[in-house]
There are 2 protein chains.
Amino acid sequence: MKKRATAQEVAQLAGVSKWTVIRAFTPGASITEVSRAKVMAAAEQMNYRPNLLARSLATRSTRQVAVFVDDFANPYKLQLIEATTAALQAEGLVALLVNINEHLDHVHAILNADQRQVDAVVLLGTSFREETLADSRLRDGGPPLFVLARDSQLAGIPAVSCDSAVAMEDICRHLAARGFGRPGFMSGPRTLSTALGRHRHFRDHWASRGIEVAELQASPYSHAAGAAAMRAYLAANPPGARIDVLVCENDILAHGALDVLRHEAGLSVPSDMAVVGFDDAAPSALPGYDLTTYRQPVGRMVETLVDMLSGRRPHDTIVLRGELVLRSSA
Amino acid sequence: MKKRATAQEVAQLAGVSKWTVIRAFTPGASITEVSRAKVMAAAEQMNYRPNLLARSLATRSTRQVAVFVDDFANPYKLQLIEATTAALQAEGLVALLVNINEHLDHVHAILNADQRQVDAVVLLGTSFREETLADSRLRDGGPPLFVLARDSQLAGIPAVSCDSAVAMEDICRHLAARGFGRPGFMSGPRTLSTALGRHRHFRDHWASRGIEVAELQASPYSHAAGAAAMRAYLAANPPGARIDVLVCENDILAHGALDVLRHEAGLSVPSDMAVVGFDDAAPSALPGYDLTTYRQPVGRMVETLVDMLSGRRPHDTIVLRGELVLRSSA
DNA sequence: TTGTACGCGTTATCAT
DNA sequence: ATGATAACGCGTACAA
């Protein structure tokens, strides 16, 4: 287990000073080709690579981004993680994946990330309350925060997400064209964003036509919770008095609802009840669900975020337009 | 954006030397309660937290573990990521999630991780060839490597995984009891582990009874690949000459196979063909699949790994027994 | 118990 | 173009 070589040692072997070694590894530094070649040869021989820890200490930039994730019952999170890590890595950044669970809340996770000097903290669709981020310990300094793939309107915290208003407009236009008129909405755990996001836009849209939306409540975001909410609804509402279309806050809830409709209640979709999801999670395209849903522009979202992190774009909240994906469920 | 406070500055405010501040934050250091209290008060006031970067540079330990992941088409990976990050965090470690894709191979990812001085690299079920890790640049120094949730027999690289031999024994015993006698196996991309793992044990078991196993090949590990492999098999083999049970290398392949059998071929499971998976991924329990599968002991696996990382257990390859989960598909 | 020199490996800045 | 000095913030070893 040989110790790693340092710039100093490489310099000695190459017969130059350690600063020349540094320059050989610094793009655009002034150094002769001869020196660089000598250094590179010595570096190769000693298997030298710059120590990023020491570099970070000196430059005060770790090229590390903490990515906060919760809600692991939703397979869509995997797609988000994949896209986010890929985009970060393409930029020479690396993701510190932080599992936000009952043992670690946002505030402590941010403090920990700060101790590690991360360049930024990305809240990847995590659930939090507005008050949470107002903690006094987060006031001064601290890493820049970003919200990704979640409706958010926190002052000073840029968010990149899918445009809920346009999305719900697209969805409602489609439903109206198909003649649906007794809508229901299944929402997840209540947090601030809920009030600003999908649920509210959906409700407002129908309200403008004088139609009230039935509310189904599921928590957490999981197949089981979606299924339970649907069971409860069916139990409480006799066949004649039911909604004719259910829009869910995300696909995983829709999957739960669909499975109850088809496999437990023996109802058929969309004739007995249509179902619409949100996200276009991978399973939604499978024959077992074939769910009409709204695809988030994940690629453009992570690109936009990385542009912000790299300073190529101002740190402003931005919403991107997604795309309605028509399948047989609605 | 105030600068972070340093131990030096806290010391000044507390009227002690900076080393006393360090001691106040070092468990088990010799320091009087009076001094510690003074330091803590000052630290609180200045919102001081030790800089882990500087600490790591000095101690040569970052408390960071690089976790390599690929195969994002498999939702089971999310469960593994969740369990792994949770276990690491419980130990005061943090996961550097590295997305192994076409832009980043294992060797370069390991070199990058090494530059960041990670305490260890965990290969979380990633696909790699034996030769890959024999790269010359990985020889000396470098972070300790571990393989998790994947059959592996690489010299010097401890692996923690589910016991494939016992698993296949359990599965085959069950299948024999149910009278199945024309087995098939769907395997994923060919790598070293395939030869040592599930596929080989399954084949060996039937070979000992003089029965040959039909081979279905899918690549990569995805629903689409599993579906395609099943389509190809059905096209090539007329109803009378088919296997009566298919065991898949993992659940995601089994899901693809099941969906083709039920939704495309109109066959019924298990009467026309039984299907068995491996992993017990979350969707397997849903009514849309109801897949008989073999549950990996994820909790114990990650616990074991963390025990190794923390030095509470020798760095030896270990296999843990899983559990057959009986559902309607077989 | 507390204070001091020195090192961790790199980068920024200045002098040559 | 190259060498040298200081600094990044903390830990270890030793002395007081």
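Only a predicted model underlies this, so the values are computations on that prediction, with no experimental measurement involved.
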- Message: If you assign each of A:Thr6 and B:Ile31 to its closest nucleotide in DNA chain C, which residue comes earlier from the 5' end?
- Response: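 Its nearest nucleotide being more 5', the pick is B:Ile31.
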
- Query: For B:Ser161, what residues pass the side-chain contact (heavy atoms from CB on, under 4.5 Å) criterion, not counting sequence neighbours?
  - Reply: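 Applying side-chain contact (heavy atoms from CB on, under 4.5 Å) to B:Ser161 gives B:Asp151, B:Val319.
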
- Task: For B:Thr84, check side-chain contact (heavy atoms from CB on, under 4.5 Å) against everything at least two apart and list the hits.
- Result: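 Once residues adjacent in sequence are excluded, the partners of B:Thr84 under the side-chain contact (heavy atoms from CB on, under 4.5 Å) criterion are B:Val67, B:Leu88, B:Leu124, B:Leu148, B:Val302.
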
- Considering all heavy atoms, the nearest A:Ala87-A:Glu303 contact: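 Where A:Ala87 meets A:Glu303 most closely, the heavy atoms are CB-OE2, 4.5 Å.
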
- Query: Considering all heavy atoms of both residues, which atom of B:Thr317 and which atom of B:Ala159 are nearest to each other, and what is their separation?
  - Reply: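 So the two residues come closest at OG1-N, 3.1 Å.
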
Can you find a heavy atom in the side chain of [X] that is under 4.5 Å from one in the side chain of [Y]?
X: B:Met46; Y: B:Glu9; result: yes
X: B:Tyr48; Y: B:Val39; result: no
X: B:Leu78; Y: A:Ile81; result: yes
X: B:Leu123; Y: B:Val121; result: yes
X: A:Val10; Y: A:Phe25; result: no
X: B:Phe128; Y: B:Val147; result: yes
X: A:Val298; Y: A:Tyr76; result: yes
X: B:Arg60; Y: A:Leu53; result: no

- Can you tell me if CD on B:Gln115 sees more than 12 non-hydrogen neighbours from other groups inside 6.0 Å?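 Atom CD in B:Gln115 is packed in, count exceeds 12.
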
- Earliest and latest nucleotide of DNA chain C, 5' to 3', sitting under 4.0 Å from a non-hydrogen atom of chain A?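 Contact boundaries, 5' end first: C:dG9 to C:dA12.
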
Scan for salt bridge (charged side-chain N to carboxylate O under 4.0 Å, His left out) pairs involving [range], sequence neighbours excluded, and state none if there are none.
range: residues 97-126 of chain A; result: A:Asp114-B:Arg4
range: residues 73-100 of chain A; result: A:Asp70-A:Lys77, A:Asp71-A:Lys77, A:Glu91-A:Arg312
range: residues 19-31 of chain A; result: none

- Message: Under 4.0 Å, heavy atoms only, any strand: does A:Ile22 hit a base, just the sugar-phosphate, or nothing?
- Response: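 A:Ile22: base contact, heavy atoms under 4.0 Å.
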
- Task: Using a 4.0 Å heavy-atom cut-off across all strands, classify B:Phe25 as base, sugar-phosphate, or nothing.
- Result: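 Nothing, no nucleic acid heavy atom in range.
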
- Going by heavy atoms closer than 4.0 Å, what residues in residues 110-119 of chain B are next to DNA chain D?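 Contacts with DNA chain D under 4.0 Å: none.
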
- Does any residue of residues 32-39 of chain A have a heavy atom under 4.0 Å from DNA chain D, and if so, which ones, in number order?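 Nucleic-acid contacts, sorted: A:Thr32, A:Ser35.
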
- Task: Note down the inter-axis angle between the two ends of the helix from C:dT1-D:dA16 to C:dT16-D:dA1, five pairs each, to the nearest 10°.
- Result: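 The angle, to the nearest 10 degrees, is 40°.
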
- Query: Is the phosphate of D:dG3, meaning OP1 or OP2, less than 4.0 Å from a side-chain N or O of A:Thr20?
  - Reply: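 The answer is yes; a side-chain N or O of A:Thr20 sits under 4.0 Å from OP1 or OP2.
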
- When the distance from CD of B:Gln12 to C1' of D:dG9 is rounded to whole Å, what number comes out?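 Value for this atom pair: 15 Å.
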
- Could you identify which residues of residues 51-64 of chain B place a heavy atom less than 4.0 Å from some atom of DNA chain C, listed by residue number, or say none?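 Those residues whose heavy atoms fall under 4.0 Å from DNA chain C, taken from residues 51-64 of chain B in numerical order, are B:Leu57, B:Ala58, B:Arg60.
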
Distances under 3.5 Å only, N/O to N/O: pair up the protein atoms with those of nucleotides 4-6 of chain D.
{"residue": "D:dT5", "atom": "O4", "partner": "A:Trp19", "partner atom": "NE1", "Å": "2.7"}

- Query: Which residues satisfy the ring-ring contact (aromatic ring centres under 6.0 Å, His included) test with A:His315, sequence neighbours excluded?
  - Reply: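 So A:His315 forms a ring-ring contact (aromatic ring centres under 6.0 Å, His included) with A:Phe146.
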
- Any donor-acceptor N/O pair, A:Gln117 side chain to A:Ser56 backbone, under 3.5 Å: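 Side chain of A:Gln117 to backbone of A:Ser56: no pair is present.
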
